[in-house]
Amino acid sequence: MKKINAILRNLTLDDLREWAGAKILSRGKSYVSNVKGLSRTEDGTLAAWVSGSEEYATSVHLDSHGDFDYFCTCPYDWGPCKHTVSVVLAAAEHVKQKKTIPLLAEDDDLFQALFDDSTDDYGDDDEWGEEDEESEFIATPATGKGKARLRKIFEGMDKEELVALLMDLSGRYPEIERGMLEKEQLATGRVDKVVSSLRREIRNITAEPAWHSHWEDEGNLPDYTHVRKQLQALLTNGHADAVLQLGEELWTRGNEQVEQSHDEGDTATAIAECMEIVLAAVPQSSMTPSEQLLWVIDHTLADEYSLLESDGKMLESGAYTQANWREVADILEARLKSIARPASAAFSETYQRNGILNMLLDAFERSGRRQDIIPLLEKEADACRCYGKLVDALFAAGEKEKARQWCVRGFERTVENASGIAAELQVRLREMAEKEKKYDLAAAYRAEDFFVSASRKSYTELRKAAEKARVWPAVRGCVLRYLETGQRPDPSGKEKRSKEWPLPQPEVMRPQNKAEMRYERFPNLNMLIDIAILERRFDDVVALYQELRKTKRWGWDTDKAVAEAVAESHPQIALDIWRAIAESLIGQVKPKAYEEAAIYLRRMCKVYQETRRISDWQNLLIELRRDHKAKRRLMEVLDSLSGKKITG
């Protein structure tokens, strides 16, 4: 008992917050009054019943190092639950009031629930899911000792008793009767009845509305469990063609159901699990190998809702020869020729063509027709915008100059209305320059990235490239002037290039978007501050930050970055920033905001401690308590910051 008292006397709310998290601590506080039968064991373990929608047996052991071991019969398994926290708080209250925590007797129901393994015949608590006290208890199948006990019971019954038991169960549970009859039909070869029944079930279940309201926890989710099991049973018994027939029915109707569903993808997932069995039936079916491959390809191309997540496993199978793939390639090639070339490069018009093209390229690779890949890509590049694939193929074939030319052509044809493709081609040009050791050209592309989208990352990449080209000091000076004035040293138009700019003109450059430029403001103080932080120029950070504050155009992200950076070099600046953030959060009058404010107050505490200004920290807490004394939840947060003991 002395050991428990000693640990609880030194325990703070900060300790509990670090152990359980702010949310669980808050919920645990509200459950202290629900703790019943608080007691202890000989080894210092706390135990109690904690009531919610039902009673949970809960135990917590606090060792000499301040670490917690805990157990609770509630379903929550993501760490300490609110019940364990409430037990600790209840025990601390006992110590505070100098009450004795009684010893738990071994014949007590609580002891049996917590420490007697012989009562656990029906599954383990660690198999339970998330905490949900409102849900009903769902019995799980017997495992371990329970299953062994059932086996012993069944083995002790004679044939007549077993038949009577099964008949009784079949009468009470229709799914058992259906399962036995279906098994008998499969065993005797009467597959047509199983298929007919399953087809009706598929039609009925796919006609159900599929929806779920997360907020109201209501809805209707079609149950495909039986369909999946029956498809597997058919396949296991060698009826792959029947599985494919049913799979087509499920595919057509299932896509329509998913299209109209509102259930966060649950129905699509259930159908996909069934289609996984259908996919496994394809290589076992009576179709020829090339027909099997085309079945997978056609369904993959039409798969808008990821119902056929094959991951290419079947297409990778070694069961299909080059001859099989040549047949597939010939068919796909004929299909591609039969499709009218798109009138524009719009995604909607090129989607189908691109799908067939990608499958045909794969078929060429697998059929040994690699020599046909580059000519096909060159023919389709402008229509399908497959410039990236073409450039990669040319580069792999050693045709570097041709690859460069296609990069430039592709960039020019996509930069206006497909900027993502253009950016990828520009990256390839930069990578070519790096491989050819044209470091100044590679740095020029990095500079282009920075001028288009200035960020800490693009600045760092530019610095690395320019250092490799041995021109970083000159580049850095031009970049900083650009951030101050908005004048690029390497204009892409007719403007005069800066004499100080040491890098060449890239083969391609994105035109400056004047509409976007209207929203850019110079000097770009936020970026200049970022760079100063990166280069550890903390005096400059403070000076730029003071200049930024005059513009009234900055946010908390900048405040936080500056405070973190200058906490050691300019502690008062950091303290002022963190205090402003904390007071703004407190002003929201929300418990969650109070917890967030505590993060910044803790950082202030650390700075006050490091600068030996503890009295200033204590005065700050006094001031906050005085100004916000009506905010009870805030007072609890401030208690945790003061290091106040729970039992104090």
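Remember, it's a predicted structure, so these values are computed and weren't measured experimentally.
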Salt bridge check, [Y] against [X]: does any charged N sit closer than 4.0 Å to a carboxylate O?
X      : Y      : answer
Glu448 : Arg488 : yes
Lys402 : Glu378 : yes
Arg404 : Glu436 : yes
Lys457 : Glu461 : no
Arg228 : Asp223 : no

Output, in order, the C-alpha distance, side-chain angles, deciding distance and verdict of side-chain contact (heavy atoms from CB on, under 4.5 Å) for Arg369 and Glu333. CA-CA 12 Å; Arg369 293 177 58 182; Glu333 195 170 16; 3.3 Å; yes

Mind checking whether [X] and [Y] have side chains closer than 4.5 Å, heavy atoms only?
X      : Y      : value
Tyr445 : Val427 : no
Gln245 : Glu249 : no
Tyr76  : Ile24  : yes
Leu231 : Leu198 : yes

Just to verify, what does Phe364 make a ring-ring contact (aromatic ring centres under 6.0 Å, His included) with, not counting sequence neighbours?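 ring-ring contact (aromatic ring centres under 6.0 Å, His included) check on Phe364 returns nothing, list empty.
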
Tell me, with the steps shown, if Thr300 and Asp303 meet side chain to side chain donor-acceptor pair (under 3.5 Å). CA-CA 5 Å; Thr300 300; Asp303 191 6; over 6 Å; no

Whether over 12 other heavy atoms sit under 6.0 Å from Met167 CE: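 Result for CE/Met167: open.
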
Just wondering, are more than 12 heavy atoms of other shown residues or ligands nearer than 6.0 Å to CD in Gln284?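 More than 12 heavy atoms, drawn from other residues, nucleotides or ligands, come within 6.0 Å of this atom.
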
Okay, side chain of Ser458, backbone of Ser453: is any donor-acceptor separation there less than 3.5 Å?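 Pair found, side chain donor or acceptor close to backbone of Ser453.
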
Given Glu380, which partner from the list Lys337, Arg385, Lys389, Arg341 fulfils the salt bridge (charged side-chain N to carboxylate O under 4.0 Å, His left out) test?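 In the set Lys337, Arg385, Lys389, Arg341, the residue that makes a salt bridge (charged side-chain N to carboxylate O under 4.0 Å, His left out) with Glu380 is Arg341.
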
Steps toward side-chain contact (heavy atoms from CB on, under 4.5 Å) verdict (Tyr224, Thr206): CA-CA 9 Å; Tyr224 279 90; Thr206 52; 3.2 Å; yes

Distance-only polar pair, side chains of Arg200 and Ser196, donor-acceptor under 3.5 Å: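 Yes, because at least one side-chain N or O of Arg200 sits under 3.5 Å from a partner of the opposite role on Ser196.
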
Check the pair Glu434 / Tyr439 against side-chain contact (heavy atoms from CB on, under 4.5 Å), numbers first and verdict last. CA-CA 6 Å; Glu434 290 170 346; Tyr439 299 127; 5.5 Å; no

Quick one, Glu248 with Trp295, criterion side chain to side chain donor-acceptor pair (under 3.5 Å). Give me CA distance, side-chain angles, the key distance, then yes/no. CA-CA 11 Å; Glu248 286 293 353; Trp295 189 97; 2.9 Å; yes

On the 0 to 90° scale, with breaks at 30° and 60°, tag the Trp406-Tyr387 ring pair as parallel, tilted or perpendicular.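 If you compare the ring of Trp406 with that of Tyr387, the planes turn out tilted.
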
Among Leu246, Asn237, Leu234, find the residue that satisfies the side-chain contact (heavy atoms from CB on, under 4.5 Å) test when tested with Val194.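 Single side-chain contact (heavy atoms from CB on, under 4.5 Å) partner of Val194 among Leu246, Asn237, Leu234: Leu234.
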
Measure across Gln292 and Pro283 and return the closest heavy-atom pair with its distance rounded to 0.1 Å.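 Looks like OE1-CA, 3.4 Å.
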
Test Lys435 against Glu431 for salt bridge (Lys or Arg N to Asp or Glu O under 4.0 Å), laying out the working first. CA-CA 6 Å; Lys435 288 177 181 177; Glu431 291 172 345; 5.6 Å; no

